[in-house]
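Heads up: the structure comes next, in structure tokens.
The basis for the numbers below is simple: all heavy atoms, side chains too, and nothing from hydrogens, waters or symmetry mates.
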Amino acid sequence: MGHQEHRLSAPRAVGVALLTVSDTRSPENDLSGRLAADLCRAAGHHVVSAAIVPDDPVRVSEALGALLADRRVQAVLINGGTGISARDTTLEAVGPLLERRLDGFGELFRWLSFSEVGPAAMLSRAAAGLCRGRAVFCMPGSPQAVRLAMERLILPELGHVVAEAGKPT
């Protein structure tokens, strides 16, 4: 079966958990989290939960573990904490938990970002992978980056990624 057939047989609606990693965002000013939720719903997916955690590796890893314990969650979309500053620790928390990496996500994100922000795209550590049979995407926290990642990469393939991730070994 080719990639088109795989995509056509993939689920149209996926249970998604959203996690914003930030020391400064609150439910009132989390534009990126709200945008991700709106885009997921518009694409027909179910937002199972949405939360904000401080940029602290222990808190991020605990939050991810709790989200993955919920059987309704098929994918976790994380925004924030993917830069190179000392406080950007999302990848330090999530990376060791990924059982399989989807390197193409980060590569394509940076390639697409380059046309918008130029060489600053190399500062992004956007990444994705599989953890406990679920898809996990880590993207930058700006609304523009979330829109780019969601519209161009995540949403067009989310059902396909979830279907492949859930296949038995």
Side-chain angles (χ1 to χ4, degrees), residues 14 16-43 45 47-68 73-132 134-158 161-162 165:
V14 169
V16 175
L18 304 171
L19 187 62
T20 295
V21 177
S22 174
D23 293 327
T24 60
R25 301 264 170 89
S26 67
E28 296 76 35
N29 69 9
D30 183 15
L31 300 178
S32 296
R34 198 168 324 138
L35 175 61
D38 291 345
L39 291 170
C40 282
R41 289 185 187 107
H45 300 297
V47 177
V48 174
S49 68
I52 301 171
V53 296
D55 205 334
D56 171 83
V58 172
R59 299 278 301 272
V60 172
S61 132
E62 288 172 349
L64 178 59
L67 294 172
L68 293 172
V73 173
Q74 296 169 284
V76 179
L77 309 182
I78 302 171
N79 79 82
T82 62
I84 62 168
S85 80
R87 290 295 298 161
D88 290 325
T89 59
T90 297
L91 273 291
E92 285 67 28
V94 175
L97 303 176
L98 297 178
E99 295 148 3
R100 302 193 78 130
R101 295 180 52 94
L102 299 174
D103 293 327
F105 172 74
E107 294 164 357
L108 286 169
F109 178 82
R110 284 180 285 281
W111 180 72
L112 291 168
S113 295
F114 182 78
S115 67
E116 293 184 12
V117 300
M122 77 173 99
L123 302 178
S124 169
R125 298 187 302 143
L130 305 180
C131 183
R132 298 187 208 166
R134 313 311 162 65
V136 177
F137 292 89
C138 302
M139 58 192 134
S142 77
Q144 298 86 345
V146 168
R147 180 174 299 282
L148 175 69
M150 296 290 291
E151 290 180 345
R152 300 285 306 273
L153 299 171
I154 297 170
L155 292 174
E157 284 297 316
L158 189 57
V161 171
V162 166

If you compare all heavy atoms of [X] against all heavy atoms of [Y], which two are closest, and at what distance to 0.1 Å?
X	Y	value
Leu158	Ala75	CD1-CB, 3.8 Å
Ala149	Phe105	CB-CZ, 4.2 Å
Arg110	Ser124	NH1-O, 3.1 Å
Ser32	Pro143	OG-N, 3.2 Å
Val21	Pro54	CG1-O, 4.1 Å
Met150	Met139	SD-CE, 3.8 Å

So, [X] side chain and [Y] main chain: donor-acceptor pair closer than 3.5 Å or not?
X	Y	result
Arg147	Ser142	no
Thr90	Gly80	yes
Asp30	Pro27	no
Glu99	Arg132	yes

Next item on the list: Could you check if a side-chain atom of Asn79 sits within less than 4.5 angstrom of a side-chain atom of Arg25, using non-hydrogen atoms only?
Entry: yes
Notebook entry, point to check: Are the side chains of Arg134 and Val76 in touch, meaning some heavy atoms are under 4.5 Å apart?
Noted result: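 Contact flag for Arg134/Val76 side chains = no.
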Side-chain donor-acceptor pairs under 3.5 Å in residues 56-65, sequence neighbours left out?
{"unit_1": "Asp56", "atom_1": "OD2", "unit_2": "Val58", "atom_2": "N", "d": "3.2"}
{"unit_1": "Asp56", "atom_1": "OD2", "unit_2": "Arg59", "atom_2": "N", "d": "3.0"}

Next item on the list: Please name the residue in the list Thr24, Thr89, Thr20 that meets the side-chain hydrogen bond (donor to acceptor under 3.5 Å, both in side chains) test with Asp55.
Entry: Thr89
Margin query: Applying the side chain to side chain contact (heavy atoms under 4.5 Å, CB included) criterion to Ile78, which one of Leu67, Val53, Leu91, Val136 satisfies it?
Written below: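 The side chain to side chain contact (heavy atoms under 4.5 Å, CB included) with Ile78 is passed solely by Val136 among Leu67, Val53, Leu91, Val136.
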Notebook entry, point to check: Do Arg87 and Asp23 sit within salt-bridge range, that is, some charged N less than 4.0 Å from a carboxylate O?
Noted result: yes
Notebook entry, point to check: For Glu107, what residues pass the salt bridge (charged side-chain N to carboxylate O under 4.0 Å, His left out) criterion, not counting sequence neighbours?
Noted result: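 In terms of salt bridge (charged side-chain N to carboxylate O under 4.0 Å, His left out), with neighbours along the sequence ignored, Glu107 is linked to no residue.
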Next item on the list: List in chain and number order the residues that pass ring pair (Phe, Tyr, Trp, His ring centres under 6.0 Å) with Phe109, two or more places apart in sequence or in another chain; answer none if no residue qualifies.
Entry: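 Counting only residues at least two positions away or on another chain, Phe109 forms no ring pair (Phe, Tyr, Trp, His ring centres under 6.0 Å).
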